[in-house]
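A, B, ... follow the sequence lines: proteins, then strands. Residue 1 opens every chain.
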Amino acid sequence: MWFRKDKTPREPRDPKTSASLGEGLFRKCEACRETLYAKEVERNRQVCPKCGFHFRLSADERVRLLLDDDSAVHLFGDVRPGDPLKFKDSKRYRDRLREYEGKAGRPDAVVAAEGTIEGMPVVLAVLDYAFMGGSMGSVVGEVLTRSAERAVTRKSPLVIVTASGGARMQEGILSLMQMAKVSAALARLGEARLPFVCILTDPTTGGVTASFAMQGDVTLAEPKALIGFAGPRVIEQTIRQTLPEGFQRSEFLLEHGFVDAVVPRPQLKQTLATVLRLLAP
Amino acid sequence: MAAETQFEQPIQRLRTRLDELRGYPDSPAKRREVQKLEQKLGRLSREIYGNLSPWQKTLVARHPARPFTLDYVRLLLRDFVELHGDRAFSDDPAIVAGFGFLGERPVAVIGHQKGRDTKEKIRRNFGMPRPEGYRKALRVLKLAEKFGRPVLTFIDTPGAYPGLDSEERGVSEAIARNLYEMARLRTPIVATVTGEGGSGGALGIGVADAVLMLEHSVYSVISPEGCAAILWKDQARAREAAEAMRITAADCKALGVIDVVIPEPAGGAHADPVAAIDAVGKAIGAALARLDALPVDALLAARYEKFRAMGIWEGASAGR
């Protein structure tokens, strides 16, 4: 035979991993499937230059995006998770935390910093979805509470950026109570007449949505972010029908009156700065 | 229900035998036998109910004969006037709210309400409130503040309703606003977990100066079934999830989340609802008396510190 197969056939590409195959030089957009220059995506604040899809931002990138260059001073990094329930599912909670800390380089799912936004001093706290789905346990609750208290003592506005699956099951009822704890601290911030701006990013659900994510004086959202109380799968099981297109997305919340504006990432910092100037003391 | 509460079967069998026996003509022998069986029933109830597992407590907390909010209202309050509606969209029967007299004292009451028969269960949406329920609750909280009445809340819900309409009308915003407003409401609040304390739907009326919990009720961040479905991809492992999450009244007390565990009658609140309601009434009265001693600013400061202290973490500044 003049033709002989001398190479083993190539494995079929998994669409999930293929986006990262060219990691480094190229990237594939999760929405329009276009192949993009990674550098160009990065320059464009992790937004697809072709279709405007917003890739998820790491907490550190978010801090760099919002705070003025070199103004960030990190806060409360010494607050570390415990294991109050000695929780174990397929893995021990302690081991899981250690793994995430190794990957993320931080002890839990939140970053807090003090800095300036267009010269205005603010306290900023950002949830890190890459760390256990940005879930809120005792550490996230404590750091957000301290951030609000810090804003009160510094008489500065507070900005929180959410990205979270909700309360962290592995800390049980203590996670639920963080909703009340953070809310109480935000109520004090409100009584001090200091603005609290909340920025909702993909995804924001569960106990985070049902507490501080919905308590902002002004609430901004990134385009097409999933924002809801129950997850879409739970709702589909409840009502036994598939959900309409765009349900629980930022634009849906805007239409129903639960966010003030949907702001594309390239305009986010400027919009935030304007809002703060309009409200801050 | 029979399959769900198998651990109760020995008690049920004994009760049935007792009832049969009581139907016989009176004789000294019968009286001796009845007395013997009654003692045995008491022993057995105490033994079984003294050793319930977290999952068994979950089933007891969901028992359809367990007292619901309106049962407490009927027995503890006089001249109760129920208030309806959130003044924005509709009335939610899954939360009841109103004012009544506790002894000589006018109080506000807010509680989840489940139904006993099928029709009522559906009308009450199995105790799962929509946003309107939380907004009605907020309206009554504000009225209580305005007129200086203490607030009693009764918590018994599987969770806020996870439906399309509920999301559309902002159930998260409704709960979030209640957490915010309850944290600074200038009147005493006493919350009692009477059955299922299901997640954010429970906490939405649960921020209080004193949080009480019936002995066999449960309070958790997610239902054992939900936790099992997520962590083990298997709802059937709810029993393990119930153990792992530490959802019992004793656990919540140990974790510093609640203040008082109210003991239930032998055999659970559903075996003797009147005694259970009475015990809850006494515990609420005692809590109110403690809170009455505080001026309102001190009350609010203490409420802040109470929730401020919740959570367990490590680090140089642990415990602040």
Side-chain angles (χ1 to χ4, degrees), chain A residues 76 78-82 84-85 87-90 107-108 137-139 141-142 145 167-169 171-181 183-188 190-191 206-207 209-215 227-231 234-235 237-239 243-244 247-248 252-253 256-258, chain B residues 159-164 166-184 197 199-204 206-207 219-222 226-227 230-232 240-241 244-247 251-252 255-258 303-304 307-318 320:
Chain A
F76 320 128
D78 59 331
V79 184
R80 301 179 50 81
L85 311 190
F87 196 94
K88 183 172 176 291
D89 47 86
S90 56
D108 213 303
S138 299
V139 170
E142 176 68 15
T145 302
R168 186 175 292 172
M169 280 179 286
E171 291 186 28
I173 191 74
L174 291 173
S175 299
L176 187 74
M177 292 304 139
Q178 303 310 308
M179 294 166 63
K181 173 169 166 173
S183 300
L186 290 172
R188 283 206 165 173
E191 282 178 356
T209 317
S211 58
F212 54 91
M214 286 291 147
Q215 291 166 346
I227 303 160
F229 178 60
V234 176
I235 302 171
Q237 279 165 16
T238 310
I239 60 169
L243 294 168
F247 183 71
Q248 291 185 314
F252 175 91
L253 271 88
H256 286 84
F258 292 102
Chain B
Y161 182 59
L164 196 128
S166 203
E167 294 281 338
E168 229 166 37
R169 295 196 296 276
V171 69
S172 5
E173 191 276 343
I175 292 172
R177 189 186 301 210
N178 283 11
L179 303 184
Y180 191 97
E181 294 298 337
M182 288 181 93
R184 57 180 200 160
S199 192
L203 190 62
V207 179
Y219 200 179
S220 65
V221 66
I222 184 172
C227 177
I230 295 172
L231 291 184
W232 287 284
E240 286 164 69
M245 284 197 297
R246 304 200 35 201
I247 61 178
D251 286 329
C252 289
L255 291 167
V257 165
I258 63 154
R303 190 186 303 159
Y304 187 81
F307 285 90
R308 180 71 185 79
M310 289 185 195
I312 293 173
W313 68 91
E314 293 167 1
S317 42
R320 279 161 95 185

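The candidate with the highest count of non-hydrogen atom pairs below 4.5 Å against chain A, out of B:Gly200, B:Cys227, B:Gly170, is B:Gly170. Among A:Pro84, A:Ala185, A:Ala187, the residue with the largest count of heavy-atom pairs under 4.5 Å with chain B is A:Ala187. In terms of heavy-atom pairs under 4.5 Å with chain B, the best-connected choice from A:Ala230, A:Gly231, A:Ser90 is A:Ala230. Most heavy-atom pairs under 4.5 Å with chain A, from the set B:Gly204, B:Ala160, B:Pro162: that is B:Pro162. Here B:Ser172 is the residue among B:Ala241, B:Ala183, B:Ser172 with the most heavy-atom pairs under 4.5 Å with chain A. Of the listed residues (B:Val207, B:Asp251, B:Val257), the greatest number of heavy-atom pairs within a distance under 4.5 Å of chain A belongs to B:Val257.
Residue contact with chain B, scored on non-hydrogen atoms closer than 4.5 Å, is absent for A:Pro107. Only the side chain of A:Ile239 comes within less than 4.5 Å of a heavy atom in chain B; its backbone stays farther off. In this structure, the portion of B:Ile222 lying under 4.5 Å from any heavy atom of chain A is its side chain and not its backbone. Heavy atoms closer than 4.5 Å to chain A are found nowhere in B:Ile247, neither backbone nor side chain. Contacts between B:Arg303 and chain A at a heavy-atom distance below 4.5 Å are absent for every atom of the residue. Heavy atoms closer than 4.5 Å to chain A are found nowhere in B:Ala202, neither backbone nor side chain. Heavy atoms closer than 4.5 Å to chain A are found in the backbone of B:Ser220, but not in its side chain.
Under the ring pair (Phe, Tyr, Trp, His ring centres under 6.0 Å) criterion, A:Phe252 pairs with A:Phe247, A:His256, sequence neighbours left out. In this view, A:Asp89 and A:Phe87, A:Arg96, A:Gln170, B:Leu231, B:Trp232 satisfy the side chain to side chain contact (heavy atoms under 4.5 Å, CB included) rule, not counting sequence neighbours.
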Derivation of the side-chain contact (heavy atoms from CB on, under 4.5 Å) call for A:Gln215 and B:Leu179: CA-CA 9 Å; A:Gln215 291 166 346; B:Leu179 303 184; 4.1 Å; yes

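Expressed to the nearest 0.5 Å, how far CG of A:Leu174 lies from CE of B:Met310 amounts to 9.0 Å. With values rounded to the nearest 0.5 angstrom, A:Ile173 atom CD1 is found 11.0 Å from A:Gln178 atom CD. Atom SG of B:Cys252 is separated from atom CE of A:Met177 by 7.0 Å, given to the nearest 0.5 angstrom.
Heavy-atom minimum distance, B:Ala176 versus A:Ser211: CB-O, 3.2 Å. In plain terms, the two heavy atoms of B:Tyr180 and A:Gly190 that are nearest each other are OH-CA, 3.7 Å.
The number of heavy-atom neighbours closer than 6.0 Å to CZ of B:Arg169, taken from other residues, nucleotides and ligands shown, is above 12.
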